[in-house]
*Asks:* 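Pasting in a structure now, in structure tokens, and then I'll have a few things to ask.
Start at 1 and go down the list; that is how both ligands and their atoms are numbered. All residue numbers refer to positions in the sequence shown, counting from 1.
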Amino acid sequence: VSTLINQTIDKLSQALESKEISSVELTKAYLEQIKKMEPEINAYITVTEDYALELARASDERRAREESKGLLDGIPFGLKDNYSVKGIRMTCASKILQNYVPPYTAPAAANMLEAGAVLLGKNNQDEFAVGSSTENSAFGKVINPLDITRVPGGSSGGSAACVAANEAVFSLGSDTGGSVRLPASCCGVVGFKPTYGLVSRRGIASLATSLDQAGILAKSVKDTAIIMNHLASYDPYDSTSWPQSKQDYTSLLGSSIKGLRIGIPQEFLGDDIDPYALSWVEAAKEQLIKAGAQVFTVSLPHITCSLPCYYTIMSAEFSANMGRYTGMRFGERIEGEDYFSTIVNTRTEYLGPEVKTRILYGSFILSEKQYHTYYVQAMKIRRLIAQDFEQAFKEVDCLLTPVQNGLPFHLGSREGDSVKMAISDKMLVPVNLAGLPAISVPYGQAEGLPGAVQIIGKPFADAQTLNVADVLEGRE
Ligand code: GLN
């Protein structure tokens, strides 16, 4: 069984179906791997061993009765620790929630459990998902399993690292400004951010409401599409959820991309482009041309404003969302003399430095005098960025870009430097500002580490985006 832990859902579900292995055996193999890797990697905050075995037994019983729920039934997975699961601690990698147990399950997580997937535990992340390296966790940093001197990317670093280290078959993360795609590229796995609204966000701790999107970290594009089939669903209790009927996201995989028009936005390959990142995009371009696609250079003129625009909107929304952590209703509390000193004591003690910085920044931006100067201005720029994409998508079907400007950086090298850290998100945040689907797919390599490229699709062209990534995957 231990030789199976690096396999895809596709392969494992066949082995489960033919009774070559049981879900209990598979789950035990993963739990063992977690024990082996965790002292070094730190990809989990909570491991739900008993619950996992209980779910695995139930899955095996279903299979014995020939009532399997499909491809995810019996497959072990991880969840970023900002997803609520009833009865299981959710920390958001923050001390303020270190003992918090949610009373309900986020629909995105429930969809996985309903499909029969086996929850192994909750993955480490940047505190409240703010960061690009998973160095901002109150539960310790996550280490990149491919090179222990480098960051795994963030904020879903635990989710990416656990898939790369075979500590789960897949994991769900969240992507507000690249937090699924960046760690995926650092750890050599696939990271997919669906179109805004396709996956329910209820029960996933909010970072920035107009940008947040649940996402998938998996071993292959096909696995990603299989997971997406279960993950995407309409949630009447999430006001941003898109009314949708079931779609088969695997349906286009393997189909020809002949005649497909692919754009490379020139602003993504400016003077400061890293030679490795450029070479991966060039090679991907050649391969797509060989597969029959036509490739054009396109321009997204306002894209250079993306980072300040993103950081303004994100901080404003984050500070508003963080207002709920007062120590009054849930989470930790340090009593003070009165109501306000209780809040101040609690937040001072239990929130980390990056979280505090952004709350201050966001509160300033939303203050009466500054609101129009910053927030309203950023919203206008956001519209221009979205329009740039709309314009480009009149000429091309999807876009090809780098994910990050080179290899993952070294641990500690950007820690505490908010500007340098933010630059890691440059190629990623425009996608969230425009609500588009995008995928980071491993491509090429350098210095013994995997490279990656990003495919950005039109709104709701998620299946097509997956198909283009599938063409690139493993065929360089
Ligand atoms: N790195 C970005 C930030 O710190 C993205 C965060 C995210 O996508 N959750 O805001």
Side-chain angles (χ1 to χ4, degrees), residues 79-83 92-94 108 123-137 141-142 151-160 171-187 191-194 196 199 201 204-217 306-322 351-362 365 378 382 403-405 408-409 414-440 454 456:
L79 267 184
K80 187 173 182 177
D81 207 15
N82 59 357
Y83 281 69
C92 293
S94 181
N123 291 125
N124 204 350
Q125 58 169 88
D126 283 303
E127 183 175 3
F128 286 106
V130 295
S132 312
S133 65
T134 321
E135 293 172 292
N136 298 332
S137 165
K141 299 173 187 183
V142 177
V151 299
S155 65
S156 312
S159 294
S171 177
L172 299 185
S174 60
D175 192 314
T176 305
S179 279
V180 161
R181 289 161 287 151
L182 183 61
S185 76
C186 292
C187 294
F192 180 54
K193 174 215 168 291
Y196 183 75
V199 180
R201 298 181 331 209
I204 304 172
S206 303
L207 198 181
T209 315
S210 75
L211 300 158
D212 290 346
Q213 176 63 64
I216 300 167
L217 295 114
S306 299
L307 270 184
C309 175
Y310 165 80
Y311 271 83
T312 303
I313 294 170
M314 174 275 299
S315 303
E317 295 183 10
F318 183 61
S319 72
N321 278 323
M322 290 303 286
L351 294 177
E354 181 64 23
V355 169
K356 283 179 185 155
T357 305
R358 295 198 195 197
I359 291 173
L360 289 174
Y361 188 39
I365 288 167
R382 178 182 195 168
V403 181
Q404 58 175 325
N405 204 14
F409 50 90
R414 296 189 188 176
E415 209 179 351
D417 186 332
S418 302
V419 175
K420 264 198 196 156
M421 195 63 94
I423 289 174
S424 327
D425 307 331
K426 197 172 131 185
M427 326 258 192
L428 305 166
V429 299
V431 165
N432 301 74
L433 290 168
L436 305 171
I439 187 164
S440 169
Q454 172 171 244
I456 304 171

*Asks:* Can a donor-acceptor pair be found, under 3.5 Å and without considering hydrogens, that links the side chain of Glu354 to the backbone of Val130?
*Replies:* no
*Asks:* Write out all pairs satisfying salt bridge (charged side-chain N to carboxylate O under 4.0 Å, His left out) with one or both partners inside residues 172-183, taking only residues at least two apart or from two chains.
*Replies:* Asp175-Arg181
*Asks:* Using distance alone, decide if ligand 1 has a nitrogen or oxygen within less than 3.5 Å of any nitrogen or oxygen in Val130.
*Replies:* no
*Asks:* For residues Ser159 and Lys80, is any side-chain donor paired with an opposing acceptor at under 3.5 Å?
*Replies:* no
*Asks:* For ligand 1, does Ser155 get within less than 4.0 Å through its side chain, its backbone, both, or neither, judged by non-hydrogen atoms?
*Replies:* side chain
*Asks:* Side chains of Gln125 and Ser155: donor-acceptor distance under 3.5 Å anywhere?
*Replies:* no
*Asks:* Check ligand 1 against Gly177 and write out every atom of the ligand that is under 4.0 Å from a heavy-atom position of the residue.
*Replies:* 5 (C), 7 (C), 8 (O)
*Asks:* Quick check: does any side chain N or O of Thr134 sit under 3.5 Å from a backbone N or O of Gly153, one acting as donor and the other as acceptor?
*Replies:* yes
*Asks:* Give the atom numbers and elements of ligand 1 that come within less than 4.0 Å of a heavy atom of Tyr310.
*Replies:* 2 (C), 3 (C), 5 (C), 6 (C), 10 (O)
*Asks:* Is there a donor-acceptor contact under 3.5 Å linking the side chains of Ser210 and Arg382?
*Replies:* yes
*Asks:* Suppose we measure from atom 2 (C) of ligand 1 to each protein heavy atom; which comes out shortest, and what is that distance?
*Replies:* Asp425 OD2, 3.1 Å
*Asks:* Is there a polar contact between ligand 1 and Lys80, counting only N or O atoms under 3.5 Å apart?
*Replies:* no
*Asks:* Taking atom types as modelled, find out whether Thr209 and Asn321 have a side-chain donor-acceptor pair closer than 3.5 angstrom.
*Replies:* yes
*Asks:* If I apply the N/O under 3.5 Å rule, does Leu207 come out as touching ligand 1?
*Replies:* no
*Asks:* With backbone taken as N, CA, C and O and side chain as the heavy atoms from C-beta onward, which portion of Asp126 lies under 4.0 Å from ligand 1: side chain, backbone, both, or neither?
*Replies:* neither
*Asks:* Only heavy atoms of Gly178, strictly under 4.0 Å: list the atoms of ligand 1 that pass.
*Replies:* 8 (O)
*Asks:* Side-chain donor-acceptor pair under 3.5 Å between Ser424 and Arg414, yes or no?
*Replies:* yes
*Asks:* Using heavy atoms and a threshold below 4.0 Å, how should the contact between Arg358 and ligand 1 be classified: side chain, backbone, both, or neither?
*Replies:* side chain
*Asks:* Are any of the N/O atoms in Met314 less than 3.5 Å from those in ligand 1?
*Replies:* no
*Asks:* Got the closest protein heavy atom to atom 6 (C) of ligand 1, with its distance?
*Replies:* Ser179 OG, 2.9 Å
*Asks:* Is any N or O atom of Asp175, backbone or side chain, closer than 3.5 Å to an N or O atom of ligand 1?
*Replies:* no
*Asks:* Does Tyr311 have any side chain to side chain donor-acceptor pair (under 3.5 Å) partners at least two apart in sequence or in another chain, and if so, which?
*Replies:* Asp425
